[in-house]
Structures are given as structure tokens and as C-alpha cells.
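One structure below.
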Amino acid sequence: MSKSQIEDINRNIYDIKNEDNYDFKMKKGLTREIIEELSKQKNEPEWMKEFRLKALDVYESLELPTWGPDISELDMNDIATYVRPKSKLNSSWDDVPEDIKKTFDQLGIPDAEKESLAGVGAQYDSEVVYHSMKEELIQQGVIYTDMETAVREYPDVVKEHFMKCVPVYDHKFVALHGAVWSGGSFVYVPKGVKVDIPLQSYFRLNSPESGQFEHTLIIVDEGASLHFIEGCSAPKYNKVNLHAGCVELYVKDNAYLRYSTIENWSKNMFNLNTKKAIVGKNAKMEWVTGSFGSKISMLYPMSILNGENAKTEFTGISFAGKGQNLDNGFKVVHNAKNTSSLVNAKSISKDGGKCTYRSLVRITPNAGGSKSSVSCESLMLDDISISDTIPVNDIETDDVIFSHEAKIGKISDKTIFYLMSRGLSEEDAKAMIVRGFAYPISKELPVEYAVEMNNLINLELEGAIG
Amino acid sequence: MSEKLLEIKDLYVSAGEKEILKGMNLSIGKGEVHVIMGPNGSGKTTTANAIFNHPEYQKIKGSISLEGEDITNSKTDEIARKGVFMSFQLPEEIPGVSVTNFLKYAKNKITGKNVKIFEFKNELQKNMDELGIPKEAVDRSLNVGFSGGEKKKNEILQMLMLNPKLAILDETDSGLDVDAIRTVSKGIQMYKNENNAVLIITHNTKILKSLKVDYVHILVDGKIVKTGSAALATEIENEGYAKYKG
């Protein structure tokens with residue numbers, strides 16, 4: 001039996017390119033003048049401009065990481081850091097310009113809003129073009145808006161939290177983000193308010209040789225709860241694109257936050273994203289992540305468990321195909337008594353793709369009685385793909401329960417034969433095995449996203465569709 | 001003889017360097033129950049795998065046809081869709097895919113159309129009741145954490161749901177206790193009708209007691225050396241294969 005060729009992904013709707021029809025595109029590169037121009041274009045308060053310039057200094061003082069995938073191909077002189085679409089911020093889809101609206105229509109965003117979301121934000125290149133939220137949440141004092149509006153209208157809250165959870169010194173691309181950030185979402189859920197239906201922001205990068213640097217700042221106040229969903233995609237160009245977003249999450253005492261992400265970047269994307277949560281007493285932070293696409297991804301969401309009994313869970317999957325190097329993982333710091341973390345990370349690699357699970361579990365001396373359980377599992381679909389696990393465990397107290405389990409597997413020919421004997425083609429069989437492998441993650445996603453994730457898996461495996 | 005379903009003609013099959021089947025002939029008609037018995041290493045499982053064109057076995061010579069259509073070199077999944085089923089000695093585990101979803105998907109592929117959910121669920125429930133499979137078992141991942149007996153029962157459940165023209169049961173009875181063997185026999189009786197056929201590969205005559213067997217074949221060193229009625233199985237049970245060996 002000849003092994004049937006599994007074609008590379010036909011990304012259909014994700015690859016629809018709109019004409020690069022911007023209102024303003026910053027010249028490429030990164031200089032003080034460019035930052036000042038960006039700040040002027042955005043009509044920001046002086047303090048933010050100063051913040052950006054300071055971050056630029058930090059960016060210039062920091063080196064590229066000396067570990068992980070090679071990102072030397074990324075030349076900031078070739079990246080336009082700011083592309084303003086020809087649209088203002090709208091609160092009705094009807095007012096969004098036709099070409100941009102069409103993109104979001106094809107991605108199913110307005111439909112999802114009608115059916116299953118409490119609020120939606122949509123960013124196109126560097127600016128948010130649409131934002132809306134259900135009236136009852138507004139009345140309960142929930143704030144959900146684009147980041148620029150938050151800077152103008154809630155300066156005290158923003159100053160107190162903006163890049164305090166993720167300081168610009170963290171690494172070079174966070175500093176870059178601090179200098180050129182644009183767009184993103186701001187969410188504040190007041191004390192005790194439970195937002196039962198998810199809010200969602202969708203980030204679409206259309207413009208070639210550009211970067212997307214959205215900033216997401218979410219504060220879930222004491223006893224409140226929220227499910228926030230983030231979706232990302234971009235069409236494929238021949239030149240590199242850069243995504244260096246930043247997500248800062250504050251989960252106050254007794255609060256609950258679930259942050260779900262489906263990233264589906266094109267395969268020319270450098271996804272160097274930073275996400276971190278600070279979790280208070282008795283609070284719970286859950287991460288659910290599906291990482292698809294991108295040429296190189298370095299993404300390690302982090303929970304800092306600062307309050308007693310704080311809990312965090314990470315459930316994530318990465319899928320690397322030909323030419324992709326996905327270096328993803330999770331970091332957790334247990335920094336108070338009786339905190340717990342539970343990690344279930346999976347990766348799939350095929351056609352020479354590389355997946356690395358890189359993680360940190362740090363349990364500080366004042367985190368007695370804490371528990372941490374890490375499980376990571378990799379599936380390789382052929383002999384040329386690569387999977388690696390690089391855990392760092394830094395346990396500074398004896399009074400902990402800690403476990404780490406790593407499994408690396410391949411799809412066996414026996415399993416494929418078994419499924420083919422039930423009428424499944426070889427591709428169907430592989431897709432079924434991979435979907436089953438991913439099921440522990442997809443079952444954590446809202447149903448439409450689980451469907452999207454399964455579709456992405458099928459696309460990755462089956463090649464051309466309809 | 002009844003209308004022909006499967007016809008194996010002068011089949012030579014090897015696995016790697018080793019020649020296993022050496023001129024096998026077998027003809028199975030509709031409505032018939034056939035049994036292949038033979039000592040270890042005689043080529044019983046190879047016969048089943050060869051029918052399904054398992055990629056690790058090479059066909060050197062000979063042919064296999066199903067209802068007159070040559071399937072010697074058809075792909076495994078095509079053979080399944082033409083109506084051949086095999087119950088495995090060691091069924092594979094598929095984590096994250098429930099028995100229900102798997103069966104639904106496989107049935108869609110086998111029949112070439114989407115099953116009607118309501119009918120499917122009723123049929124599934126009926127078959128599970130008959131086989132004594134608990135309700136919650138079909139929500140579990142396929143074969144994951146199943147005992148040997150549960151796996152074999154699940155194979156029989158799949159056979160009933162996929163309703164093939166020819167069901168090959170490869171050592172389905174091995175390692176089972178008396179009750180499980182009875183369940184498997186019951187499943188076979190439920191499945192069996194005038195238009196389909198069963199090929200049982202076994203070491204064991206227990207499973208044959210409650211079934212009406214039409215032909216027993218003795219396979220030694222890659223060839224069928226004797227074909228007889230159900231009485232032949234009893235003879236083997238009492239005397240072993242000694243008189244048929246080299």
C-alpha cells in the first residue's frame with residue numbers, strides 16, 4: 001500500500017487577502033521618530049508617549065534570546081509597526097467598511113456574536129474597528145472596550161495596571177511591544193459580577209510586512225467571573241510578519257477567569273507573544289490554548305499564584321507542520337500557601353515540523369502545601385518531525401506534591417490498519433487519531449471553537465477541501 | 001453450493017523474507033459459516049490480513065475476489081467498504097474517540113451516507129442490550145482501558161453495527177471466559193443470515209458448539225490440508241493436528 005501524500009494546508013478563508021488598503025502605514029523600521037509619529041497619529045496623552053520612548057530604550061538595551069528557535073531572520077527594519085485601517089471604531093457591523101466587514105463575515109465573527117457571545121471586539125491590522133457589548137453587562141458596570149479608549153477614559157486604572165504584570169524588562173519583544181503597542185482590548189469586571197457568556201476579541205493582520213502589537217488588559221475584580229476568548233489569524237505573504245501582543249490578566253481574590261485562544265496565523269508569522277496572569281487568594285485562572293500556524297512561535301503563558309489557595313490550569317495544544325517551529329509552553333510561580341497548578345499540554349508535529357514544550361514550575365519557599373501536576377504528550381505523524389520537552393522545575397520547599405509526566409508517541413501503522421479495516425481512508429484514520437488526541441483540549445473550548453479547531457486539524461491533515 | 005461470496009485462489013503470501021501462505025484455496029458462499037483451524041504459525045492470521053491487503057504482507061501469487069470482483073490489490077478501506085469486516089485479536093486503542101462517535105463515523109464511511117442519528121442510536125442500544133454492554137461503555141474512548149473481554153465484545157458490537165457481507169473473526173474467542181464466549185456466540189447468531197457469511201479463525205472448539213458450522217478447514221504450513229464438516233473440529237479437539245503435519 002502506498003502511503004498517500006498529505007498535502008499542506010489549504011487555509012481557504014484564512015488566506016483571503018484584502019488589498020493593503022490602509023489609511024496610514026508607518027514607514028518600516030524602529031526609531032524614536034517613528035515612535036513619536038505613532039503616538040501623534042494615535043493622539044495619545046503625553047505619559048503614554050513617554051512610556052513608549054522608555055520602552056524603546058529598553059528594547060535597544062536588550063539582546064535577542066539566546067535559547068529557543070532561531071529568529072535572526074526577523075529584521076525590524078523590514079516591519080511596519082503601525083498600519084491604520086480605513087475605518088474608525090464602530091459599534092455596528094453595518095458601519096464597518098465593506099472589505100473589512102467581509103473578512104470578519106467570512107471568519108464568522110458577526111454570526112458568533114449574535115449566537116453565543118456577550119461582547120465582541122474586532123481588530124484589523126493595528127486598530128480596533130468594531131466593539132460592542134450586551135446592554136445588561138454595561139448596566140452591571142462591566143467595561144469592554146479597545147485599549148486606546150481605555151487609555152483616554154480610564155487613565156488611572158490603566159496607569160495602575162498597564163505593563164505592571166508584564167514589565168517591559170521581561171524580554172526584548174515585550175519592550176518592543178511597549179514601544180509600538182496598538183489596539184487590543186480592555187476589560188473590567190466589577191466585584192461580584194458574573195459574566196456568564198463569553199466576550200471575544202478577534203485579531204486580524206491583513207497588511208504584509210507589518211506587525212500586530214495588540215494589548216489586552218483584563219481585570220476581574222474580587223468574586224467576579226469571566227470567560228474571554230481571543231482569536232487570531234492572518235493571510236499568507238512571502239515576507240515575514242510579526243505578532244508581539246501582550247496579555248495582562250489580573251484575577252483578584254475569589255475571582256475566576258478563563259482565557260481561551262485559538263491562534264491560527266499564516267506560516268510566515270513570527271508569533272512572539274507574551275501572556276501573564278496574577279492570581280489572588282482563592283481565585284482561579286484557566287488557560288485554554290490552541291496554537292496553529294506561524295513560522296515560529298514562542299509563547300509561554302504564565303500564572304503567578306500570589307494568594308493562598310489560588311489555582312491555575314493550563315490546557316493547550318500546538319500543531320506544527322512543514323517549516324514550522326513552535327516553541328510553546330507554560331510557566332507557573334507558586335508564591336503562596338496551598339496553591340495548585342494543573343497542566344495538560346499536547347503537541348502534534350508532521351512533515352518535519354518541530355514542537356517544543358518548554359515550561360517552568362517554580363514553587364517558592366512560602367508556598368507550602370502546594371500541588372503541581374504537569375502532563376505533556378506529543379504525537380509525531382512521521383519520522384522526520386521533531387518533538388521535544390524542556391521542563392524547568394524549581395521547587396524551593398519540601399512541603400509540596402509535584403509530578404511531571406511526559407510522553408512522546410507516533411501514530412502506529414497497526415492503528416491505521418485497524419481503522420482502515422472499518423472503512424476509513426488512511427487520511428480519515430490519521431485525522432481521527434489526531435482529533436482524538438486533541439479532544440481533551442477541544443472539549444474545553446466553546447462548541448463553535450471546538451468545531452473550528454477540528455476543522456483546522458482536518459485542514460492540516462487533509463490538504464485541499466471542497 | 002450457494003452463491004459465492006469470497007474466493008481465494010492459489011494464494012502465496014509472505015511477510016518480509018518469510019513465505020507464509022503457500023497455495024491457499026478457500027471458497028465461501030453466502031449463508032455459510034466457515035472455520036479455519038490450525039497449529040500456531042500455520043498462517044491463520046495471515047489469511048485474514050491477506051484478505052484485507054495488510055501492507056506488511058506481500059502477495060506473491062494468486063487472487064482474492066469478493067462477489068466475483070477482484071480485491072487482491074484493493075486498499076484495506078476499500079475492501080472494508082465492499083463489505084468485509086474483521087474482528088481483531090488485539091483491537092487498537094483510540095484515545096479521545098468515543099465508541100459511539102467511532103461507530104457513527106465508520107458506518108457513514110461504510111454505507112457512504114450519513115446515518116440517521118435516531119435510528120442509529122436505537123440500533124446501537126438494542127445491540128448493546130443483547131450483548132450485555134452497559135450504557136455508559138459507549139461513551140468511553142474506543143478500547144482504552146477495556147478488559148480483554150470488553151474489547152472482544154466491542155468488536156462484535158462493531159460487526160453488528162457495520163453489518164458486513166463477510167465477517168472474519170480472528171481468535172475472537174481466545175482468552176475469554178465461558179460467559180464472554182457465550183456472548184460472542186450470541187452476537188454471531190444475531191448477525192448471521194442467508195446473505196452473509198462468517199469466517200472463524202480459532203484454536204478453540206468451545207465457540208463452535210453453539211453455532212451451526214458448515215465447513216471446517218485445517219490449515220497447516222500455509223495450505224488447507226483438509227476440509228470437513230463440524231465433526232472435523234471435534235476430531236481435532238480430541239486428537240490434535242499431528243496426523244496433518246508434514
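In what follows, chains carry the letters A, B, and so on, assigned in the order in which the sequence lines appear, proteins first and then strands, with residues in each chain numbered from 1.
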In terms of heavy-atom proximity below 4.5 Å to chain B, should A:F417 be classed as side chain, backbone, both, or neither?
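Both backbone and side chain of A:F417 come within 4.5 Å of chain B.
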
Counting only heavy atoms closer than 4.5 Å, note whether A:S442 contacts chain B via side chain, backbone, both or neither.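 No part of it gets close to chain B.
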
Query raised in the report: Does atom NZ of B:K104 have more than 12 heavy-atom neighbours from other groups under 6.0 Å away?
Result: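 Enclosed: over 12 neighbouring heavy atoms sit under 6.0 Å from NZ of B:K104.
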
- Message: With a sphere of 6.0 Å drawn around CG of B:D139, does it hold more than 12 non-hydrogen atoms of other residues, nucleotides or ligands?
- Response: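 Check passes, neighbour count above 12.
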
Item to check | side-chain contact (heavy atoms from CB on, under 4.5 Å) partners of B:K153, counting only residues at least two apart | outcome: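 Listed in chain order: B:I133, B:T183.
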
Just jot down the salt bridge (Lys or Arg N to Asp or Glu O under 4.0 Å) partners of B:E92, sequence neighbours excluded, or say none.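 Partners of B:E92 under the salt bridge (Lys or Arg N to Asp or Glu O under 4.0 Å) test: none.
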
Please tabulate, for side-chain N and O atoms in residues 55-68 of chain B, each donor-acceptor pair with protein atoms closer than 3.5 Å (sequence neighbours left out).
{"from": "B:Y57", "atom 1": "OH", "to": "B:N49", "atom 2": "ND2", "distance (Å)": "3.3"}
{"from": "B:Q58", "atom 1": "OE1", "to": "B:G16", "atom 2": "N", "distance (Å)": "3.4"}
{"from": "B:Q58", "atom 1": "NE2", "to": "B:E56", "atom 2": "O", "distance (Å)": "3.3"}
{"from": "B:K59", "atom 1": "NZ", "to": "B:A50", "atom 2": "O", "distance (Å)": "2.9"}
{"from": "B:K59", "atom 1": "NZ", "to": "B:N53", "atom 2": "OD1", "distance (Å)": "3.2"}
{"from": "B:K59", "atom 1": "NZ", "to": "B:T72", "atom 2": "O", "distance (Å)": "2.8"}
{"from": "B:K61", "atom 1": "NZ", "to": "B:D10", "atom 2": "OD2", "distance (Å)": "3.4"}
{"from": "B:E67", "atom 1": "OE1", "to": "B:K165", "atom 2": "NZ", "distance (Å)": "2.9"}
{"from": "B:E67", "atom 1": "OE2", "to": "B:K30", "atom 2": "NZ", "distance (Å)": "3.2"}

Of the backbone (N, CA, C, O) and the side chain (C-beta and beyond), which part of B:L103 lies under 4.5 Å from a heavy atom of chain A, both, or neither?
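The answer is neither part of B:L103.
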
Check each atom of B:Q158 against the heavy atoms of chain A and say whether the ones under 4.5 Å are side chain, backbone, both or neither.
->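 Contact with chain A: side chain only.
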
| Does the side chain of B:F88 come within less than 4.5 Å of A:S421's, by heavy atoms? |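 A:S421 vs B:F88: side chains touch.
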
Point to revise | Heavy-atom side-chain contact between A:Y439 and B:N101 under 4.5 Å | key: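 SC-SC contact between A:Y439 and B:N101 ruled out.
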
Quiz prompt | Interface residue of largest heavy-atom contact number with chain A, from B:S141, B:P164, B:G96, under 4.5 Å | solution =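 Among B:S141, B:P164, B:G96, the one with the most close pairs to chain A is B:G96.
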
Mind checking which of residues 79-86 of chain B sit less than 4.5 Å from chain A, heavy atom to heavy atom?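 B:A80, B:R81, B:V84, B:F85, B:M86, listed by number.
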
Enter the distance from [X]:[atom1] to [Y]:[atom2] here, rounded to the nearest 0.5 Å.
| X | Y | atom1 | atom2 | value |
| --- | --- | --- | --- | --- |
| A:L424 | B:T76 | CG | OG1 | 12.0 Å |
| A:K414 | B:E93 | NZ | CD | 12.0 Å |
| B:Y105 | A:L419 | OH | CG | 10.0 Å |

A:R422 versus B:A106, closest heavy-atom pair with distance:
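Looking at all heavy atoms of both residues, the shortest contact is O-CB, 3.6 Å.
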
### Message
Go through it in stages, so that I can follow the logic: the residues are B:F52 and A:M420, the test is side chain to side chain contact (heavy atoms under 4.5 Å, CB included), and I'd like the CA-CA distance, side-chain angles, deciding distance and then a yes or no.
### Response
CA-CA 9 Å; B:F52 258 120; A:M420 288 178 75; over 6 Å; no

